[in-house]
2 protein chains.
Amino acid sequence: MSEEPRAVARERVIESMEQSAEVYGLSRSAGRIYGVLYFSEEPRSIPELVDETGYAKSTISNVTRTLARIGLIRRRSSEGGGRRVQYTAEREIWFILQDVFQQYVQRELQTTLRTIQRAEAQLPDDSGAETERIEELRETYEDLQEIVALASDFTVGELRDALESYDR
Amino acid sequence: MSEEPRAVARERVIESMEQSAEVYGLSRSAGRIYGVLYFSEEPRSIPELVDETGYAKSTISNVTRTLARIGLIRRRSSEGGGRRVQYTAEREIWFILQDVFQQYVQRELQTTLRTIQRAEAQLPDDSGAETERIEELRETYEDLQEIVALASDFTVGELRDALESYDR
DNA sequence: CGATTTGTTCGGTCTACTCCGAACAAACGA
DNA sequence: TCGTTTGTTCGGAGTAGACCGAACAAATCG
């Protein structure tokens, strides 16, 4: 069996994905399911994922929905007759990150920024320390928002190049 | 009482910080404690934080330890006689983010990358699909690591400028 | 039309975390 | 020295989330 080292290597990487999933606020099962799909040549249905991961059908159903919503996997409805739903992994990690930046990070920054701006607007002009603190905060958030907006339009290579070639 | 609008504005921003704390994997109490310290002119002791936040002493004690470890607040042991421990907020958000990048994101990327590299090394040269997938993954992680390493050496302004002025 | 396969939904259990209050330790002040 | 203040640690209550199995809906196949 010369397949074994491959299986071992794959398992290691998938375990690492489980761990990463937790860091990014997802469940371990999400990491494993993504990992299995990442290495699958063919799209996988829910029963197949049940076999390959050991998780219950209901878990697979729920987690795939979440993963699809976030954009880590894609749902291909019924290829070739059967009513089976098929899932594929999005393998371009950078695309995923761009999505996360645009959908979540940007949104989070945006709402925070709006709250800060509203608070600032309600304040009389001479309100001492509070005004200063809030102003400072707003400026930082404006910078961050701009940076994320710009970065999420770059490819990985461009981003790396932009940082490497920048001369202070 | 012309202080009220200031108190309201401050409260709004602190509530927003509570929410952000949850997003970043901290507790709501951590957000509020940081918020109160963020707006405090003077350093605050644990009993003072108990008064101003309404949380139990033990909660303040535990959360301040966590916040100090991460670098969001600083611990000044006993200024002016008393044995009181004093806390101040680190107000430069970008410094905090740089710390987080270097301490946590970099580390997480590093360990993942090492796992990938080890898996790749154990694989025979001709192992088909697995090799290709793992190689692809490794390259992405190398890029990401490089980007984070570079970015965490920039100031906010430099980073923004680098992205804005990059010409594709 | 049943029987089977697939996918979703719905309680339920288990675990982890947040926060609290009480007990404790350490240092100071009278 | 004894009482008081401050900070940490510990056990427990309440809560949220992960995952499971069972019940259910929908579609296909004989």
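Here is how names work: the chains are called A, B, and so on, in the same order as the sequence lines, proteins then strands, and each is numbered from 1. As the structure is a prediction and not an experimental result, all values here were calculated from the model. These numbers come from the heavy atoms of this one structure, side chains and all, not from hydrogens, waters or symmetry mates.
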Short side-chain N/O contact from [X] to OP1 or OP2 of [N], under 4.0 Å:
X     : N      : value
B:T59 : C:dC20 : yes
A:S29 : D:dC19 : yes
B:R84 : C:dA27 : no

Is it true that the side chains of [X] and [Y] contain a donor and an acceptor less than 3.5 Å apart?
X      : Y      : answer
A:E120 : A:T131 : no
A:R75  : A:Y87  : yes
B:D161 : A:Y166 : yes

field: Angle of first-five versus last-five pair axes in the helix from C:dC1-D:dG30 to C:dA30-D:dT1, to 10 degrees
entry: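 Answer rounded to 10°: the end axes differ by 10°.
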message: Go nucleotide by nucleotide along DNA chain D from the 5' end; which of A:A30 and A:K57 gets its closest nucleotide reached first?
response: A:A30
task: Look up atom CD1 in B:I116 and atom CG in B:L137, then write down how far apart they are to the nearest 0.5 Å.
output: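 Output value for this atom pair is 4.0 Å.
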query: Under the 3.5 Å rule, do the base of D:dG21 and the side chain of A:S58 count as making a donor-acceptor pair?
result: yes
message: Taking the side chain as everything from C-beta on, heavy atoms only, tell me whether B:L159 gets closer than 4.5 Å to A:L163.
response: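 Yes, their side chains come closer than 4.5 Å.
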Flag side-chain contact, heavy atom, 4.5 Å: B:S20 against A:E108: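 B:S20 vs A:E108: side chains touch.
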Under 3.5 Å, which N/O atoms of the protein pair with N/O atoms of nucleotides 11-15 of chain D?
none

Nearest whole Å is fine: how far is [N] [atom2] from [X] [atom1]?
X     : N      : atom1 : atom2 : result
A:I46 : C:dT4  : CD1   : P     : 21 Å
A:I60 : C:dT9  : CD1   : C1'   : 16 Å
B:L67 : C:dC19 : CG    : P     : 11 Å
A:Y24 : D:dA18 : OH    : P     : 18 Å
B:R28 : C:dC19 : CZ    : P     : 9 Å
B:L49 : C:dC19 : CG    : C1'   : 16 Å
A:N62 : D:dA18 : CG    : C1'   : 10 Å
A:Y87 : C:dT8  : OH    : P     : 5 Å

task: Among B:R76, B:Q86, B:R84, find the residue that satisfies the side chain to side chain donor-acceptor pair (under 3.5 Å) test when tested with B:S45.
output: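 Testing each of B:R76, B:Q86, B:R84 against B:S45, the sole residue satisfying side chain to side chain donor-acceptor pair (under 3.5 Å) is B:R84.
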task: Please identify each residue that fulfils salt bridge (Lys or Arg N to Asp or Glu O under 4.0 Å) with A:R10, with sequence neighbours left out.
output: B:E130
message: Here's one to test your reading of the geometry: is the NZ or CZ of A:R32 within 45 degrees of the ring axis of A:Y55 and under 6.0 Å from its centre?
response: no
message: So if I take every side-chain heavy atom of B:S61 and compare against C:dG7, D:dG7, D:dT8, which nucleotide ends up nearest?
response: D:dT8
